[in-house]
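Chain letters run A, B, ... following the sequence lines, proteins first, then strands; residues in each count from 1.
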There are 2 protein chains.
Amino acid sequence: MLRVDSIDQRIISCLVTNARSSFADIGKDVGLSAPAVKRRVDKLLDTGVLRGFTAVVDPAQLGWGTEALVEVHCRGNVTPHDIKARLEPMPEVMAAYTVSGAADAVVHLRAASIHHLETALERLRAVEIIDRTVSTVVLSRLLDRPQAP
Amino acid sequence: MLRVDSIDQRIISCLVTNARSSFADIGKDVGLSAPAVKRRVDKLLDTGVLRGFTAVVDPAQLGWGTEALVEVHCRGNVTPHDIKARLEPMPEVMAAYTVSGAADAVVHLRAASIHHLETALERLRAVEIIDRTVSTVVLSRLLDRPQAP
DNA sequence: CTTGAAAGTTTGTCACG
DNA sequence: CGTGACAAACTTTCAAG
């Protein structure tokens, strides 16, 4: 396994807060020079601890304001890989998890409208391996943290 | 309301893919000069369409590999604002939504271990306004898209 | 109102100690 | 890991469409 020391964690913290901050600025925060910060960031990207950098957009303002959490129950024995393969082509699928309990998976859907959500659910239910779904529509988003400290 | 044209959408798409790409590179993709791209990005940040830029980290490699989706049932009538205020101080709460159906909210928890998850759940259940919780532990993460196109 | 070009400044990046 | 040097990018200003 690889080592991520406290300086790396502080660098990650800086980049999570603002992915476009300069290496020099990060260096000021963590007490390192800009090249040293860059070397660490490059290594974190290489090792996969950092997967990349992304922009945070307001989904509502782009017209993707409707969300749902959907329990998926499959028929027979299906592998997580099967489920993943079926969900991959659907752009409305934001995230999917295999879970404990009765359901085989939980799918996080995001759509442009209730109508769009409905069609996405129909497409989801049309997948052969899926037996039935239990949908929970998100009414409001109370909290949405970028990620852990 | 504000207008986000197709060029803005392509700029956003570029920044979602890589938040650290240069304005010049984005400009090559969308057919604009670097200053023009910067002006648009600044406006998108101002208007709130773009909320900011963040690093995507692999939670497992930082030792936050245990997740759960928790249905929260409250006692009596509580406002979404109340729930939010109680969840805000908990670092394990990644996201929280008010939802349709029997539950008052769904909370996305992330912890360093099953034990950590257990203590986080205990703290969650200790909140006065919360009556009971129904936990679903995430076994594996099938899909995790940064966001919508 | 938005764009592109040019200016000066800042930042990224590499070699070396 | 830090320093210094060079290249690349950012940011402002200004004139044109």
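In summary, B/K38 and B/D42 engage in a salt bridge, as defined by a charged side-chain N under 4.0 Å from a carboxylate O. Under a 4.0 Å N-O distance rule, the pair A/K28/A/D25 qualifies as a salt bridge.
Between B/K43 and A/D42, the residue anchored closer to the 5' end of DNA chain C is B/K43, taking for each the nucleotide with the nearest heavy atom.
Through chains of ILVMFWY side-chain contacts below 4.5 Å, B/V70 is grouped with A/L142, A/L143, B/V72, B/V78, B/I83, B/L87, B/M90, B/V93, B/V107, B/L109, B/L117, B/L121, B/L124, B/V127, B/I129, B/I130, B/V137.
When rounded to the nearest whole Å, the span between CG of A/L15 and P of C/dG12 equals 11 Å. Protein atom CG of B/D25 is 19 Å distant from nucleotide atom P of C/dT11, rounded to whole Å. Here the C1' atom of nucleotide C/dT3 and the CD1 atom of B/I7 are 11 Å apart, to the nearest Å. Straight-line distance from the CG atom of B/D5 to the P atom of C/dT2: 10 Å, rounded to whole Å.
Other residues, nucleotides and ligands place more than 12 heavy atoms under 6.0 Å from the CG atom of A/D5.
Contacts of A/S22 with the nucleic acid, taken as non-hydrogen atoms under 4.0 Å apart, involve only primed sugar atoms and P, OP1 or OP2.
Contact of the B/E67 side chain with the B/R141 side chain is registered, since non-hydrogen atoms from C-beta on lie closer than 4.5 Å.
A close approach under 4.0 Å does not occur between any side-chain nitrogen or oxygen of A/K38 and OP1 or OP2 of C/dG12.
Chain A approaches DNA chain D within less than 4.0 angstrom (heavy atoms of the protein), and the contacting nucleotides run 5' to 3' from D/dC1 to D/dC10.
Here the nucleotide nearest the side chain of B/R39, chosen from C/dG12, C/dT3, C/dT2, is C/dT3.
A cation-pi arrangement is absent between A/R110 and B/Y97 under the rule of less than 6.0 angstrom and at most 45 degrees off the ring axis.
Here the separation of D/dA16 from C/dG8, taken at their C1' atoms, is 22 Å to the nearest Å.
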